[in-house]
Amino acid sequence: MSVPSPLPIPESSPMKTMFPALLAALLLLFQPVVAQSGPVQDLLQSQRALIEESSRRTIGPAIDALADSGLPQVQSVLQAWRSKDMWQRKPDGHFFAATKNADGTYGLTDFETGEAVGAYPKSELAQIKPNSGIRALIATALVKFQLTDPDRALRAAALASISRDPEGSLLSPLRTSIDSEDDPDLRARKIRLERLMTMSFDTDNGARVAAIEEMAGDLGVDFRATLNPILTTRIMIVAKDDILDENIAADLAPGSEMLSREAAYALLVAADRARPVVTGDDRDAALEANILGGRIAGKPIAQMNTETARDEAYEALAEASLAPAFVTSQDIDAALSDHRFVEVYLEPSSDVTDAAKAALEISEAWVAANQAVDLGLDALSLASIYFLAAIGLAITFGVMGVINMAHGEFIMMGAYTGFVVQQLIPNHTVSLFVAIPSAFVVTFLAGVALERLVIRWLYHRPLETLLATFGVSIALQQLAKNIFGTQARPLTSPGWLDGAWVINDVVAISYIRIAIFALALMFLCLFLFIMKRTRLGLETRAVTQNPRMAASMGINPGRVNMLTFGLGSGIAGIAGVAIGLFAKVTSEMGGGYIVQSFMTVVVGGVGNIWGTLTGALMIGGFQKGVEWLNPSNTLAAQTYMIFFIIIFIQFRPRGIIALRGRAAGD
């Protein structure tokens, strides 16, 4: 029997061209999936059930198994998992990193080798979607790898993460990473963090005690924050004769300052060791609940109009077992005498708590000492500001005997001069060095004009001078409002004055305050030089001590007064630039310093530079001291300061350093 030969397919038939493509598709369809294997994939497969379940409550062992495996590829696995870039291939259940392609398929990357596996449609893949709780656990596990990451930023971020949320499981990898750390700053931070975590999480109490004693006296807030949980206590109530196997902090006697009698009995009631006290509301509620036929315990309701009658009715209910009996004072005493109240540490090791308590006492003593230093620096900074604001007033008041109420407005003019200079010169460093002499020139000329036009006609008439300068003060404020408006104007400090000099966690002072202190010291030296080494200083001292004799010696008192008033006004302008670097520049800013300036001059001694310096130190120190005692009320500090000055002047009316000559006589 012959077999017919197959019919030939014409060259032009569509089957001729489609057949190879169909054959390739069928071969691809039935091609078995190649399963990538290796230590990482084997580890993932061993935890496959937990990863697929993706539950915050059960995923911990899977993450721990990955983190503790020591495989270098695990970091990439955890990062892909946390960012939801880990996918599972359905045919074989293997896990890969995946990225979406332009054609809608997903390109898989093998965790083991980092090589591309191929592109797959989404229908053949399942995305692993960890919730926020699982992502937090993964982030914690990643910290172990980030501690030794080549990228310094990642290592720093890992340290910050551990500091925010320390865990005992992170102590070992932190210790391991210290030896390989090549960055000095990060190494120091790691060592410090390791010491702190040792105190809290190490299983060896000896190591914990050693770490605590090593850091005893440390000023860091993190150190004290680590010790405080170790010293946390709770109150235990036990029978009088019970023997406690606890780390006892103190025995609390009911009725003492640490535990009142009422609080102790309330603890017994809360522990179901005593009957609750019957309050007035409890009594009245029981009486209302037992009203029968208009009577309570056989007595008419109308008779229940006094506390005594209500107590008697309640006692009758208690005798009939219709209400709990009153708790008497004897009952409370008996219950308290049968129990012992003990404050115990949550930390079971007494060696650890003893070391922590001693270290905390040393640290608190050092903190107090450094707070005193910090307070002294604040007082010195404030005194520098008061000295700058008052030094010009001290000279004019001492030499001329003029009460210049417009002195604060010269400070304001100097601050606004600095603002105008900054608008013209954008560079803040250059503008600052231009603003200081500019403010001096502007306010010097304004002071000379005020002296020539107003004050020279009012010498030896203090009341008229005070009123006239007060009017000038108001006029200058209004002029500033008309020119600059009522809105506060910024006076920006250079970048090198930003921030603060941080000595430790307690003591710090801003660079602006340091600059003002340096400026005040510079002007102190400048004034001493002018008064001791220049002709103007000689003439000023001569006019101050005896103006008539100075005039007979050829000195022009009018010229000296003019230059002295202009000099004092110019210094006020420079003070305005300095003050404007940290205070608001407004038309009223001078009013906030005129009172302190006069108090500084009066307390120190009129017309004396050293007296002005001493007065500024005294007032600045007193104000900061009161603010430290009452930090929530700055106004109280100023009020107490005024009272202090009033009392001080009663004993030393001429100030700390009294001046001889015309000013002293006036």
Side-chain angles (χ1 to χ4, degrees), residues 373-395 407-408 410-419 421-422 428-440 443 488-503 507-528 567-586 589-597 599-601 604 609-610 612-624 627 634 637:
V373 173
D374 187 61
L375 183 65
L377 290 176
D378 284 345
L380 188 62
S381 172
L382 186 62
S384 302
I385 296 170
Y386 287 165
F387 178 74
L388 276 177
I391 189 171
L393 187 65
I395 299 302
H407 183 77
F410 288 117
I411 295 176
M412 176 264 294
M413 290 173 63
Y416 273 122
T417 301
F419 169 73
V421 170
Q422 282 198 344
H428 294 151
T429 299
V430 176
S431 65
L432 177 63
F433 287 105
V434 173
I436 290 176
S438 299
F440 178 84
T443 50
R489 300 293 181 177
L491 193 59
T492 307
S493 62
W496 48 273
L497 285 180
D498 292 340
W501 178 31
V502 180
I503 301 175
V507 182
I509 183 170
S510 67
Y511 291 127
I512 291 180
R513 299 281 181 140
I514 295 175
I516 292 176
F517 172 76
L519 189 65
L521 186 62
M522 182 183 69
F523 273 103
L524 173 63
C525 297
L526 178 63
F527 263 103
L528 290 175
L567 183 63
S569 301
I571 298 302
I574 295 176
V577 175
I579 293 171
L581 292 176
F582 66 90
K584 294 180 179 180
V585 180
T586 64
M589 67 175 296
Y593 293 93
I594 186 65
V595 176
Q596 283 88 345
S597 298
M599 289 192 297
T600 300
V601 170
I609 296 177
W610 290 111
T612 303
L613 177 62
T614 307
L617 290 171
M618 178 179 289
I619 292 176
F622 184 84
Q623 181 172 337
K624 281 299 178 180
E627 288 180 3
T634 306

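Basis for what follows: all heavy atoms, side chains included, without hydrogens, waters or symmetry-related copies.
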Q: Work out which heavy atom in P494 is nearest to a heavy atom in T429; give both atom names and the distance.
A: CB-OG1, 3.5 Å
**Q.** Minimum-distance pair of heavy atoms, taken over all atoms of I594 and H407
**A.** CD1-CB, 3.7 Å
Q. Rounded to the nearest 0.5 Å, how far apart are CD1 of I509 and CH2 of W501?
A. 8.5 Å
Q.
Ignoring hydrogens, what is the shortest heavy-atom contact between T586 and M412? Give both atom names and the distance.
A. O-CG, 3.4 Å
Q: Using the side chain to side chain contact (heavy atoms under 4.5 Å, CB included) rule, take L432 and L497 through it: C-alpha gap first, then chi angles, then the decisive distance, then the call.
A: CA-CA 11 Å; L432 177 63; L497 285 180; 4.3 Å; yes
(Q) Given the ring of Y416, does R489 sit roughly above its face, with NZ or CZ under 6.0 Å from the centre of the six-membered ring and within 45° of the axis? (A) no
Q) Do the non-hydrogen side-chain atoms of C525 and M522 ever get within less than 4.5 Å of each other? A) no
**Q.** Side-chain heavy atoms of Q623 within contact of Y386, under 4.5 Å
**A.** yes
Q.
Working note: F387 + L521, criterion side chain to side chain contact (heavy atoms under 4.5 Å, CB included); need CA distance, chi angles, decisive distance, verdict.
A. CA-CA 9 Å; F387 178 74; L521 186 62; over 6 Å; no
Q) Between atom NE2 of H428 and atom OG1 of T492, what is the distance when rounded to the nearest 0.5 Å? A) 4.5 Å
Q.
Could you report the tightest heavy-atom contact between V585 and M589, atom names first, then the distance?
A. CA-SD, 3.8 Å
Q: Kindly determine whether I385 and F582 satisfy side chain to side chain contact (heavy atoms under 4.5 Å, CB included), including the steps that lead there.
A: CA-CA 11 Å; I385 296 170; F582 66 90; 3.2 Å; yes
Sequence neighbours left out, cut at 3.5 Å: what donor-acceptor pairs do the side chains of residues 388-395 make with other protein atoms?
none

Q: Given side chain to side chain contact (heavy atoms under 4.5 Å, CB included), test I579 with I516 step by step and report yes or no.
A: CA-CA 8 Å; I579 293 171; I516 292 176; 5.9 Å; no
Q: Hey, could you give me the CG/NZ distance between D378 and K624, rounded to the nearest 0.5 Å?
A: 5.0 Å
**Q.** Those residues that, when tested against F517, pass side chain to side chain contact (heavy atoms under 4.5 Å, CB included) (two or more places apart)
**A.** L380, S384
Q) What is the distance from atom CD1 of I574 to atom CZ of F523, rounded to the nearest 0.5 Å? A) 3.0 Å
Q. Taking all non-hydrogen atoms of both residues, which atom of S431 and which atom of Q422 are closest, and how far apart?
A. OG-CG, 3.5 Å
Q. Once you round to the nearest 0.5 Å, how far does CD1 of I571 lie from CG of L567?
A. 5.5 Å
Q. Within the distance-only criterion (no hydrogens, no angle test), does the side chain of T600 pair as donor or acceptor with the backbone N or O of Q596 below 3.5 angstrom?
A. yes
**Q.** Nearest heavy atoms of L581 and I512, plus distance in Å
**A.** O-CD1, 3.8 Å
Q. Taking the six-membered ring for Trp, are W496 and F433 parallel (under 30°), tilted (30 to 60°) or perpendicular (over 60°)?
A. parallel
